There are 2 protein chains.
Amino acid sequence: MHARLNALSVPALREACSQCNLRELCLPVGLSDRELGQLDELVNLRRRILRGQHLYRGNDPFEAIYAIKTGFFKTDVLLEDGREQVTGFQMAGEILGLDGIGSEKHTCNAVALEDSEVCVIPFTDLENYSREIGALQHHFHKVMSREIVRDHGVMMLLGIMRAEERLAAFLLNLSQRFTARGYSPTEFNLRMTRNEIGSYLGLKLETVSRAFSRFQEEGLITVHQKHIQILDVAGLKKLLSERRA
Amino acid sequence: MHARLNALSVPALREACSQCNLRELCLPVGLSDRELGQLDELVNLRRRILRGQHLYRGNDPFEAIYAIKTGFFKTDVLLEDGREQVTGFQMAGEILGLDGIGSEKHTCNAVALEDSEVCVIPFTDLENYSREIGALQHHFHKVMSREIVRDHGVMMLLGIMRAEERLAAFLLNLSQRFTARGYSPTEFNLRMTRNEIGSYLGLKLETVSRAFSRFQEEGLITVHQKHIQILDVAGLKKLLSERRA
DNA sequence: TGTCTACGTTGACACAGATCAAAGCTCCTG
DNA sequence: CAGGAGCTTTGATCTGTGTCAACGTAGACA
């Protein structure tokens, strides 16, 4: 089930957390230089996941959480009958695997949407280190809490928003996360299919496609396949706040 | 904003965690007797919340998490335009407030649906104690992780299930949680209105009402106002698994 | 005991989004 | 560079749930 780890995927200690340009977004936030050095010991293994491969699957034993170094993932849950619910899309600096702590098994699938690399953080070690490093403990708690808050946002989206509101929220959220990583807020390539967007947003792929077309007609964005350009951020935001009574 | 704490709401040290009959469901799971004693020091304050009152509101500063000693709560998020998304219903032994860790402010509202009592767990203290007590640290992580997994379940519900599937899943979930607390799996009183159920399930109250009526016609349950009796658990489960292609 | 208010049920109808179907675009592979 | 697979777009139609409206029920309170 696990991808074989070859020698190349373990460059270890090279470019550890203390050197990583994601350290302001990722687990090390708020650590002192000395503490960062300790984290380098904890996170000394990397794993490369090719596009389409699983980082883990539902029911795999839970051993580690993963920080995305490069690339892009989706997480999803499957129903027996084949229905899929995408529970999130994750990008560099974000943490995968938190779902597994509670039951010691993973409860969803994590699939790379492009060739990716993750830092492996053995969970027992993380707990041990957090008992030493208060700042690490606290930040880890924040990461989990934010995941809960993010999930509430998705519930909101699924529970009370209409199709175009959902898609606008989705685009704005991506834009904001790309910005935080130093990319353009207004121009990016989607890594996921219309079907995956639809699954995440509780819509069918045709509805997603139509909403994209509609946004384009209205001059809010341009779409060419997976390439998106946001022309009118304010317009998208307006879609979210205005609501016919 | 905070309810005033009167003398009666602080019986402290009496019936602490070590004596509490919820200790197998709540935060103390997996602690040794000695560790339980330590927890008694951490959790020494109770707060009484009357029906309809808020335990906390979105934007309140985050200081503590809460274990429900008795009673029943809902958590919700409000949009500016008044739309409400109920994000969960919580009962005895469950933990409230985890949403606030990430931003040091609460991000949702917690409202008592019946007169309730919660144990106040100051969060800084909890972090300090978890650095001492590995089992507490680990169990706390499990609690947070399970909240994430629960949220994924709700996304699934909202994203891909039809109205009757949602309601069946909701009833079965309540039944299972009541069972874990020693109540009847098949007969209970709903603490929430049809509107609140609808908000949680992403449906309108009329749809919830109709689904209840339908279940009753089909002999799956009886409904009289808030009183529910499940007549055919297997039938409800079948609703969830069977799905016209 | 009567009335008020909040909550729940039911019916008729409307509509957003699903479903079904056909065709176009891109990129990969041989 | 031909063929095919996977993805996307668009149109036509269908349907589950929302919306609107009327009425019913139960508990609270004067």
Side-chain angles (χ1 to χ4, degrees), chain A residues 50-52 74 81-86 111 113-115 157-170 189-218 221-228 239 243-245, chain B residues 50-52 74 81-86 111 113-115 157-168 170-171 189-218 221-228 239 243-245:
Chain A
L50 298 180
R51 179 176 169 183
K74 72 169 174 181
D81 60 14
R83 279 182 285 176
E84 174 195 32
Q85 175 68 36
V86 171
V111 185
L113 296 183
E114 60 183 38
D115 295 355
L157 200 128
L158 293 171
I160 57 190
M161 292 188 184
R162 23 194 37 266
E164 293 190 4
E165 291 176 299
R166 294 182 200 188
L167 193 64
F170 172 73
N189 283 296
L190 298 173
R191 270 70 170 192
M192 67 296 279
T193 65
R194 301 288 188 267
N195 193 37
E196 288 163 336
I197 298 173
S199 168
Y200 180 62
L201 299 179
L203 303 169
K204 291 296 162 183
L205 67 93
E206 294 93 331
T207 306
V208 174
S209 178
R210 278 186 244 270
F212 272 132
S213 301
R214 192 115 201 291
F215 285 177
Q216 186 158 233
E217 283 163 29
E218 288 167 354
I221 63 173
T222 63
V223 201
H224 294 107
Q225 298 291 125
K226 296 203 151 60
H227 184 84
I228 301 283
L239 254 180
R243 171 87 173 173
R244 70 185 186 329
Chain B
L50 297 179
R51 179 176 168 181
K74 73 169 175 182
D81 59 14
R83 280 183 285 177
E84 174 195 31
Q85 174 68 36
V86 172
V111 185
L113 296 183
E114 59 183 40
D115 295 355
L157 201 129
L158 293 171
I160 58 191
M161 293 186 183
R162 29 198 29 265
E164 293 190 3
E165 291 177 297
R166 294 182 201 189
L167 192 64
F170 173 72
L171 290 174
N189 284 296
L190 298 173
R191 270 69 170 193
M192 67 295 278
T193 66
R194 299 289 187 267
N195 193 37
E196 287 163 336
I197 297 173
S199 168
Y200 180 61
L201 299 179
L203 303 168
K204 291 296 162 184
L205 67 94
E206 294 93 332
T207 305
V208 173
S209 179
R210 277 186 246 269
F212 272 132
S213 302
R214 192 115 200 290
F215 285 176
Q216 186 158 234
E217 282 163 30
E218 288 167 353
I221 65 173
T222 64
V223 200
H224 294 105
Q225 298 291 124
K226 296 203 152 58
H227 184 84
I228 301 284
L239 255 178
R243 170 85 174 177
R244 64 166 198 337

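Each chain gets a letter, A, B and so on, in the order the sequences are listed, and its residues count up from 1. Since the model is a prediction, treat every value here as computed from it, not as a measurement.
Between B/Lys226 and the phosphate of C/dG8, there is a side-chain N or O to OP1/OP2 separation shorter than 4.0 Å. Taking only side-chain nitrogens and oxygens, A/Ser213 comes nearer than 4.0 Å to OP1 or OP2 of D/dT10. Taking only side-chain nitrogens and oxygens, A/Arg194 comes nearer than 4.0 Å to OP1 or OP2 of D/dT9. For D/dT8, the OP1/OP2 oxygens have no side-chain nitrogen or oxygen of A/Ser209 closer than 4.0 Å. The phosphate of C/dA16 (OP1 or OP2) has no side-chain N or O of A/Lys204 nearer than 4.0 angstrom.
With axes fitted over five pairs at each extremity, the angle between the ends of the helix from C/dT1-D/dA30 to C/dG30-D/dC1 is 40° (10° resolution).
Salt bridge annotation for B/Glu84-B/Lys74: present, with a cationic side-chain nitrogen under 4.0 angstrom from a carboxylate oxygen. Salt-bridge formation is not detected for the pair B/Arg210/B/Glu206: no Lys NZ or Arg NE/NH1/NH2 atom is positioned less than 4.0 Å from an Asp or Glu carboxylate oxygen. Comment: A/Lys226 does not engage A/Glu114 in a salt bridge, judged by the lack of any side-chain N to carboxylate O separation of less than 4.0 angstrom.
C/dT26 atom P lies 14 Å from atom NE2 of A/His227, rounded to whole Å. To the nearest angstrom, P of C/dT19 lies 12 Å from CZ of A/Arg210. The CD atom of A/Glu206 sits 10 Å away from the P atom of C/dC20 (whole-angstrom rounding). Taking atom CG on B/Leu203 and atom C1' on D/dT19, their separation rounds to 14 Å, with Å as the unit. For the pair A/Phe212 CZ and D/dT8 P, the interatomic distance rounds to 9 Å; values are reported in whole Å. At whole-Å resolution of the value, CG in A/Asn189 and P in D/dT8 are 13 Å apart. Summarising the geometry, the separation between CG on B/Leu201 and C1' on D/dG16 is reported as 16 Å, rounded to the nearest angstrom. Nucleotide C/dA16 holds its P atom 12 Å from the CD atom of A/Glu165, rounded to whole Å.
Counting atom types as modelled, A/Arg162 pairs no side-chain N or O with a base atom of D/dT17 as donor and acceptor under 3.5 Å. The base of C/dC25 does not come close enough to the side chain of A/Gln225 for any donor and acceptor atom to sit less than 3.5 Å apart.
Of the candidate nucleotides C/dC20, D/dT17, C/dG17, C/dG17 has the atom lying nearest to any side-chain atom of A/Ala163. In this structure, the nucleotide among D/dC7, D/dT19, C/dC7 sitting nearest to the side chain of A/Thr193 is D/dC7.
Side-chain N or O atoms of A/Arg166 include one that pairs as donor or acceptor with a backbone N or O of A/Leu201 at under 3.5 Å. No donor-acceptor distance shorter than 3.5 angstrom exists from the side chain of A/Glu164 to the backbone of A/Ala211, with no hydrogens or angles considered. Between the B/Glu218 side chain and the B/Phe215 main chain, no donor and acceptor come within less than 3.5 Å of each other. Although no hydrogens or angles enter the test, the distance criterion places no donor-acceptor pair under 3.5 Å between the side chain of A/Thr207 and the main chain of A/Leu203.
With contacts defined as side-chain heavy-atom distances shorter than 4.5 Å, the pair B/Met192/B/Tyr200 does not qualify.
Residue contacts shown for A/Gly198 are absent, as no nucleic acid heavy atom lies under 4.0 Å away. Residue contacts shown for B/Leu205 include a base, since a base heavy atom lies under 4.0 Å away.
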